[in-house]
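To start, the structure itself, in structure tokens.
Both backbone and side-chain heavy atoms feed into the values below; hydrogens, waters and symmetry mates do not.
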Amino acid sequence: MIMVLVGGYVGLLWVLVKVGVFPKWYGWMKVSPVAVWVIAFMSIFLPLNWNAPMGGSMVTVGSVGIKPAVAGPVTEVVAKSRTPISEGEVLFEIDKTPYTAALQQAQAQLALAQDQLARKEELLSRNTVAVAEVEALRANVAVAEAAVTLAEVDLSNTTVRAPFDGMVPAMTLLSGNRVSPNVPVLAFLDVNNPVINLVLSQNQIRNVKTGQKAEAVFKAFPGQTFQGTVSGLFLSSPDAEYDLDGATPEVPTITDTSYVVVLELDTQGQALPPGSSGQGLVLTDQGTKFQFINQLTLRMTTWMNFF
């Protein structure tokens, strides 16, 4: 944009010389574009960097790893890649045979323990056995009941279901694959709750606050500018972390650390596909006179997205 301004200034001088306002090109006219560039940069465009900061924006979604709770070979894969899946729908099935057998065994042991307890309680009513024997059998029944409950849970866990409404981006699991407990086998995306992130450098965030107006454009939606506000600001980075071992932390090489600003946009009823990228800006409370320049730049960007 600054080059457009300087180019316009040079064009104006050229017109003034052509129409005779200036009879020739004077020395100051050749140097003045540089002065205009410096003055415009220092007074307008440099402050715009933190008064209306611009940066790359992207639509992201939360992802969780699907971890089965039991081990075994996969007998059936129900879910398909890139297909909407509702909460509770079956993703895949694990071989139920050993868990069905374990449940039957636990149920048989519970039945035996209950039968033993019933007989001892009858003898206790006749005062022919000690109370301690009956209490021990009652404890055995409680243990057997717990074993049945655990076996039922393991059997139910052989059917792996969607934790929420979402989508599997790529189904890499096949029937016959053996899965292990607490080892992720699939990625599951929370596509219904996208997050729009605007990435700014550390020298751009000085005036950014939640609640300020924001705008964004995306390559996938040429010609459209989405309005919104700043809903979150993550002022942290990996460079801010160090081990709590008592040692003095090393000072890293000074770099232009990036920070994430979360935007809440009015998408005008349109679903922003995860991974959509573009440009965004924040309209801070400072230097409002010249913020229209970056707004104009953003709109030029969205129209260039047609190409």
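- Checking side-chain atoms of N177 against main-chain N and O of L174 turns up a donor-acceptor pair under 3.5 Å.
- Under a hydrophobic-cluster definition in which Ile, Leu, Val, Met, Phe, Trp and Tyr are linked whenever side-chain heavy atoms come within less than 4.5 Å, directly or via other members, V230 and L283 are assigned to different clusters.
- Formation of a donor-acceptor pair under 3.5 Å by the Q204 side chain with backbone atoms of S258 is not found in this model.
- L103 and V143 are assigned to two separate hydrophobic clusters, defined by single-linkage of ILVMFWY side chains at heavy-atom distances under 4.5 Å.
- One hydrophobic cluster, built from ILVMFWY side chains closer than 4.5 Å, cannot hold both F234 and L281; they sit in different ones.
- Of the possible donor and acceptor atoms, one in the side chain of T297 sits under 3.5 Å from a partner among the backbone N and O of I293.
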Go through the steps to decide whether L117 and R119 satisfy the test side-chain contact (heavy atoms from CB on, under 4.5 Å), and finish with yes or no. CA-CA 5 Å; L117 175 60; R119 284 183 290 173; over 6 Å; no
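- N207 and N51 are linked by a side-chain donor-acceptor pair at a separation below 3.5 angstrom, with hydrogens and angles left out of the test.
- No more than 12 heavy atoms of other residues, nucleotides or ligands lie within 6.0 Å of NZ in K209, so this atom counts as exposed by the packing criterion.
- Considering every non-hydrogen atom in both I85 and A162, the closest pair reads CG2-CB, 3.8 Å.
- Between F307 and K219 the shortest heavy-atom distance is O-NZ, 3.2 Å.
- Looking at L91 and I66, their side chains come closer than 4.5 Å, going by heavy atoms from C-beta outward.
- Put simply, the side chain of T158 gets close to the backbone of L155: a donor and an acceptor are under 3.5 Å apart.
- Across all their heavy atoms, V61 and V191 have their closest contact at CG1-CA, 4.0 Å.
- Side-chain contact between E76 and F92: absent, with no pair of heavy atoms (C-beta onward) separated by less than 4.5 Å.
- Looking at heavy atoms from C-beta onward, Q202 lies in side-chain contact with Y259 at the 4.5 angstrom threshold.
- Once rounded to the nearest 0.5 Å, the distance linking CD of Q286 with CH2 of W50 reads 11.5 Å.
- Between the side chain of D154 and the backbone N or O of Y99, no donor-acceptor pair lies under 3.5 Å.
- S86 places no side-chain N or O within donor-acceptor distance of the main-chain N or O of E89, the cut-off being under 3.5 Å.
- No donor-acceptor pair under 3.5 Å is formed between the side chain of T159 and the backbone N or O of E93.
- Within the 3.5 Å criterion, the main-chain N or O of E87 finds a donor-acceptor partner in the side chain of D165.
- Between F218 and F226, the angle of the ring planes lies from 30° to 60°, which puts this pair in the tilted group.
- Of all heavy-atom pairs between M171 and L186, the closest is SD-CD2, 3.6 Å.
- The salt bridge (Lys or Arg N to Asp or Glu O under 4.0 Å) check on E133 picks up K120, with sequence neighbours excluded.
- Side-chain contact of T229 with E264: a donor-acceptor pair under 3.5 Å is absent, judged by distance alone.
- For F164, the ring-ring contact (aromatic ring centres under 6.0 Å, His included) partners at least two apart in sequence or on another chain are F188.
- The minimum heavy-atom distance between P163 and V64, with the atom names listed, is CG-CG2, 4.4 Å.
- A donor-acceptor pair under 3.5 Å is formed between the side chain of Q291 and the backbone N or O of T284.
- Neither L198 nor L298 shares a network with the other; the hydrophobic side chains, linked directly or stepwise wherever heavy atoms of I, L, V, M, F, W or Y lie under 4.5 Å apart, form separate groups for each.
- Pairing each heavy atom of P73 with each of R178, the nearest pair is CD-NH1, 3.4 Å.
- Using a 4.5 Å cut-off between side-chain heavy atoms of Ile, Leu, Val, Met, Phe, Trp and Tyr, with links allowed through other members, V38 and V31 fall into different hydrophobic clusters.
- Side chains of T75 and K96: no donor on one and acceptor on the other come within 3.5 Å.
- Judged by distance alone, with hydrogens and angles left aside, the side-chain atoms of D115 form no donor-acceptor pair with the main-chain N or O of A111 at under 3.5 Å.
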